[in-house]
Amino acid sequence: MSFANRVVLVTGGARGLGLAYARCLAELGATVLIHDAGAGSDGQGKDARPAEEAAALLRSEGGDAMAIAGSIESRNGCHALIAAGIAAKGRLDGLIHNAGWVAYQQVQDIDEEAFDQMMAIAAKAPLWLAQAAWPLMKEAGYGRIVLTTSCRALYPQYVHKGLAAYAAAKMAAVGIVNVLAAEGAPHGIVVNAVSPVAKTRMWGIDGEPDELFPAAVAPGVAYLASEACTEGGWILRAANGQFHAARAVEALDVDYPRDLRAVKASTAEEVAAQWPRIAAASVEARG
């Protein structure tokens, strides 16, 4: 796999998973644009040094990387960042939106400011970044966009208390991927999501972890950002060097919404009586 002559922007690319993605892409020949606000693990603060240091590190390893500054907290900021990236290298072939953080607030403590900040970075920013890159990718007939979701939102058994805002934003990313994948397919723009697990600052880990390495996730993200990936609308679950792609798929022969090929009921009592059939869970066997 080669990314020769490809330019890929990675947000949150200075540390943790983002740096692992950037390094993997650089090793495969990509020109990597690293954006990172340099915020703390709580999403607060700004510091240009981490992005600059990450780019310098990759260059010292023989890669082609540069830091790119800008804010992704607004639509205008996202559009300006994409414009700056295009101006710097003359093209943009891929976008990986990795920037984000984990913020815990129990439901009774969630405030609007914190919720809006989470949505701005994890849900709005990927949409605005994709929107800004869209015309260039459409004209080129080629583009790869990777957004980030989380199994902490996707699967009830993995949720953590206090992550309602985080889960809302990560589920919003899935909806964005579904629609952009459909809109992009006729133009060679492939849009997917990754649901990664690695021990980083979000786990409270400083330095190298003892397991769940970010580098073990990076090959899957590199694939999604590559020319080899030709189908969108998938969520790539990636952890510990293992990968599994998932997406919601309708049952066979459903005529939505008139015939769900499902359990019939005409009263609330009938729904209650039939609930064990209506909500029958089927656990996938996986070898």
Side-chain angles (χ1 to χ4, degrees), residues 1-11 17-18 20-22 24-25 27-30 32 82 91-98 100 122-123 125-151 153-155 169-198 216-254 256 282 284-287:
M1 185 178 296
S2 173
F3 280 81
N5 301 316
R6 297 293 190 193
V7 178
V8 183
L9 169 64
V10 182
T11 68
L17 283 164
Y21 302 161
C24 187
L25 291 166
E27 290 173 349
L28 291 169
V32 185
I82 294 296
R91 62 187 297 157
L92 184 66
D93 303 287
L95 164 65
I96 300 171
H97 181 57
N98 166 72
L127 178 60
W128 301 142
L129 290 167
Q131 182 185 65
W134 207 260
L136 182 69
M137 291 182 173
K138 187 175 178 179
E139 182 180 358
Y142 180 89
R144 297 294 182 267
I145 297 174
V146 184
L147 307 189
T148 302
T149 185
S150 173
C151 288
L154 296 167
Y155 297 93
K170 295 303 182 182
M171 288 301 284
V174 174
I176 292 169
V177 164
N178 289 339
V179 176
L180 295 192
E183 291 190 15
H187 309 292
I189 304 173
V190 179
V191 185
N192 287 291
V194 63
S195 176
V197 180
V217 171
V221 175
Y223 167 75
L224 294 181
S226 76
E227 190 173 347
C229 181
T230 59
E231 187 179 17
W234 287 96
I235 300 166
L236 181 64
R237 301 178 66 201
N240 209 30
Q242 299 178 47
F243 305 92
H244 175 256
R247 63 181 172 189
V249 179
E250 183 61 279
L252 290 174
D253 301 323
V254 167
Y256 179 82
S282 177
E284 176 189 3
R286 190 180 303 161

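Note that the structure is a prediction, hence the values are computed from the model and not measured. Atoms considered below: every heavy atom in the structure, side chains included; atoms not considered: hydrogens, waters and symmetry mates.
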Output the distance between atom OG1 (T148) and atom CD1 (I96), rounded to the nearest 0.5 Å.
-> 8.5 Å
Using side-chain contact (heavy atoms from CB on, under 4.5 Å) as the criterion, list what pairs up with A20, not counting sequence neighbours.
-> P214, A218
Neighbour count >12 (heavy atoms, 6.0 Å) for atom CD, E139 = no
Check whether any side-chain heavy atom of M171 lies under 4.5 Å from a side-chain heavy atom of L154, and answer yes or no.
-> yes
Student check: side-chain heavy atoms of R286 and H244 closer than 4.5 Å = yes
Say you draw a straight line from CD1 of I189 to NZ of K138; how long is it, rounded to the nearest 0.5 Å?
-> 8.0 Å
Using a 3.5 Å cut-off and no angle test, enumerate the donor-acceptor pairs between side-chain atoms of residues 224-231 and protein atoms at least two apart in sequence or in another chain.
| from | atom 1 | to | atom 2 | distance (Å) |
| --- | --- | --- | --- | --- |
| S226 | OG | Y223 | O | 2.7 |
| S226 | OG | A228 | N | 3.2 |
| E227 | OE1 | R6 | NH2 | 3.3 |
| E231 | OE1 | W234 | NE1 | 3.3 |
| E231 | OE2 | R247 | NH2 | 3.1 |

Do any pairs count as a side-chain hydrogen bond (donor to acceptor under 3.5 Å, both in side chains) and have a residue in residues 176-194, sequence neighbours left out, and if so which ones?
-> none
Step-by-step side-chain contact (heavy atoms from CB on, under 4.5 Å) determination, M137 to W134 | CA-CA 5 Å; M137 291 182 173; W134 207 260; 5.6 Å; no
Derivation of the side-chain contact (heavy atoms from CB on, under 4.5 Å) call for L17 and V217 | CA-CA 8 Å; L17 283 164; V217 171; 3.9 Å; yes
Do the side chain of T11 and the main chain of N98 share a donor and acceptor less than 3.5 angstrom apart?
-> yes
Does the pair Y21 and V8 meet the rule for a side-chain contact (heavy atoms from CB on, under 4.5 Å), with working shown?
-> CA-CA 10 Å; Y21 302 161; V8 183; over 6 Å; no
Hey, is the main chain of S195 close enough, under 3.5 Å, to the side chain of S150 for a donor-acceptor pair?
-> no
All side-chain contact (heavy atoms from CB on, under 4.5 Å) counterparts of L95, not counting sequence neighbours | L9, L129, I145
So do I235 and V194 actually touch side chain to side chain, heavy atoms under 4.5 Å?
-> no
Which heavy atom of G233 sits nearest a heavy atom of V177, and at what distance?
-> CA-CG1, 4.1 Å
Can you name the residues that form a ring pair (Phe, Tyr, Trp, His ring centres under 6.0 Å) with Y155, not counting sequence neighbours?
-> Y158
Closest non-hydrogen atom pair between A122 and H97, with its separation | CA-NE2, 4.4 Å
Distance-minimising heavy-atom pair for M1 and A222 | SD-O, 4.3 Å
Starting at CZ of R144, measure out to CG of L92 and round the result to the nearest 0.5 Å.
-> 12.5 Å
Taking the side chain as every heavy atom from C-beta outward, state whether D93 and Y142 have any atom pair closer than 4.5 Å.
-> yes
Nearest heavy-atom approach of A4 to S2 is N-OG, 3.1 Å
Would a 4.5 Å heavy-atom cut-off, applied to side chains only, mark L25 and V10 as touching?
-> yes
Mind checking what makes side-chain contact (heavy atoms from CB on, under 4.5 Å) contact with A181, not counting sequence neighbours?
-> V191
